[in-house]
Amino acid sequence: MSVVRGLKKTAEPGVHEGHNIVRFRMLFGLRQRELARLMHISQKKLSVMENTESLEEEFKQKIAGILGIRKIFLEMSDRDIRGLFTERSGEAGEDGKMVTITTGEKGTIHPIEKVTELYEEIRRRDRQIYEMELSRLRQENEELKKKK
């Protein structure tokens with residue numbers, strides 16, 4: 001029997017770490033394909049992980065770092081995660097309400113700000129990849145010109 005790397009056998013009662021990945025991925029507006037790319041794994045492997053009740057520490061640490069959250073959020077029960085989300089009146093939005101995540105030590109995370117940060121990071125990385133590829137193609141073009 002083969003074991004997929006990233007999975008472990010036991011989980012705390014009421015905790016589904018894979019579903020917690022889905023919750024935070026969706027909160028930050030990331031598609032499965034995008035998160036898998038950031039993690040350097042296949043979308044299929046991420047799908048398996050998202051449907052797995054309990055994950056290895058290394059995998060949780062990696063995904064928490066990419067999402068910019070504390071690993072403990074991935075280890076929380078459904079009830080505890082729902083308790084993280086609170087509404088405050090009069091801060092933002094057309095209806096005068098804003099969803100925030102209270103994290104204790106870190107203070108409050110505003111999801112739209114986090115999504116914006118992630119989007120900017122993805123754009124910055126994509127730009128770096130584009131520039132590296134463009135540089136490589138220019139160099140190849142120069143080499144081909146020299147050969148002629």
Side-chain angles (χ1 to χ4, degrees), residues 1-11 15-76 78 80-82 84-88 91-148:
M1 177 177 141
S2 66
V3 175
V4 178
R5 189 166 178 250
L7 307 180
K8 69 178 186 181
K9 294 182 181 180
T10 60
V15 175
H16 195 293
E17 295 170 347
H19 290 174
N20 291 343
I21 291 171
V22 175
R23 282 186 184 97
F24 284 101
R25 175 177 58 78
M26 292 175 70
L27 174 69
F28 297 130
L30 290 172
R31 293 184 178 152
Q32 199 177 53
R33 177 183 67 232
E34 296 165 330
L35 182 55
R37 184 175 57 86
L38 290 172
M39 295 184 67
H40 305 288
I41 62 174
S42 70
Q43 183 176 352
K44 183 178 180 178
K45 181 172 182 177
L46 180 58
S47 178
V48 168
M49 297 299 180
E50 288 181 344
N51 287 294
T52 300
E53 199 169 310
S54 188
L55 303 167
E56 285 184 356
E57 292 298 313
E58 181 182 328
F59 182 81
K60 288 187 288 190
Q61 208 49 50
K62 182 176 181 179
I63 198 155
I66 289 169
L67 292 174
I69 62 173
R70 292 178 20 205
K71 179 180 68 87
I72 195 166
F73 291 150
L74 300 175
E75 300 167 340
M76 296 176 88
D78 292 344
D80 291 338
I81 286 185
R82 282 192 300 271
L84 291 174
F85 295 90
T86 59
E87 289 188 1
R88 294 184 177 178
E91 287 192 23
E94 292 177 21
D95 61 357
K97 294 183 179 177
M98 176 179 207
V99 176
T100 60
I101 303 172
T102 305
T103 63
E105 295 173 15
K106 271 185 138 178
T108 301
I109 298 171
H110 299 282
I112 194 70
E113 291 173 7
K114 194 64 181 171
V115 169
T116 303
E117 287 174 20
L118 289 170
Y119 175 73
E120 289 171 355
E121 177 66 16
I122 290 168
R123 284 188 61 196
R124 185 183 65 74
R125 288 182 186 177
D126 285 348
R127 183 69 183 173
Q128 287 175 338
I129 292 168
Y130 168 79
E131 288 173 357
M132 287 174 20
E133 185 65 15
L134 184 61
S135 175
R136 186 187 64 79
L137 290 172
R138 284 182 178 155
Q139 187 176 9
E140 284 181 12
N141 191 28
E142 290 298 317
E143 290 173 8
L144 288 173
K145 285 181 181 177
K146 288 179 182 177
K147 288 182 180 180
K148 289 183 179 183

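This chain uses plain numbering: 1 for the first residue, then up along the sequence.
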Are any non-hydrogen side-chain atoms of [X] and [Y] less than 4.5 angstrom apart?
{"X": "E133", "Y": "Y130", "value": "no"}
{"X": "L55", "Y": "I63", "value": "no"}
{"X": "M39", "Y": "F59", "value": "yes"}

Calculate, to the nearest 0.5 Å, the distance between atoms [atom1] and [atom2] belonging to [X] and [Y] respectively.
{"X": "S47", "Y": "R33", "atom1": "OG", "atom2": "CZ", "value": "14.0 Å"}
{"X": "F28", "Y": "I69", "atom1": "CZ", "atom2": "CD1", "value": "6.0 Å"}
{"X": "L67", "Y": "R25", "atom1": "CG", "atom2": "CZ", "value": "9.5 Å"}
{"X": "L35", "Y": "M26", "atom1": "CG", "atom2": "CE", "value": "12.5 Å"}
{"X": "T52", "Y": "H19", "atom1": "OG1", "atom2": "NE2", "value": "9.0 Å"}
{"X": "M132", "Y": "L134", "atom1": "CE", "atom2": "CG", "value": "11.5 Å"}

* Asked: side chain to side chain contact (heavy atoms under 4.5 Å, CB included) with E34: which residues, sequence neighbours excluded?
  -> L30, R31
* **Which residues share a side chain to side chain contact (heavy atoms under 4.5 Å, CB included) with R124, sequence neighbours left out** => E121, Q128
* **Partner of K60 by side chain to side chain donor-acceptor pair (under 3.5 Å), out of E56, E58, E57** => E57
* Structure fact -> Residues V15 and E53: closest non-hydrogen pair is O-CG, 3.4 Å
* Is S42 reaching over with its side chain to a backbone N or O of K45, donor-acceptor style, under 3.5 angstrom? -> yes
Strictly below 4.0 Å, N to O, side chains only: are [X] and [Y] in salt-bridge contact?
{"X": "K146", "Y": "E142", "answer": "no"}
{"X": "R127", "Y": "E131", "answer": "yes"}
{"X": "E120", "Y": "R123", "answer": "no"}

* Asked: Take atom CD1 in I122; do more than 12 heavy atoms of anything else shown fall under 6.0 Å from it?
  -> yes
* For residues R138 and N141, is any side-chain donor paired with an opposing acceptor at under 3.5 Å? -> no
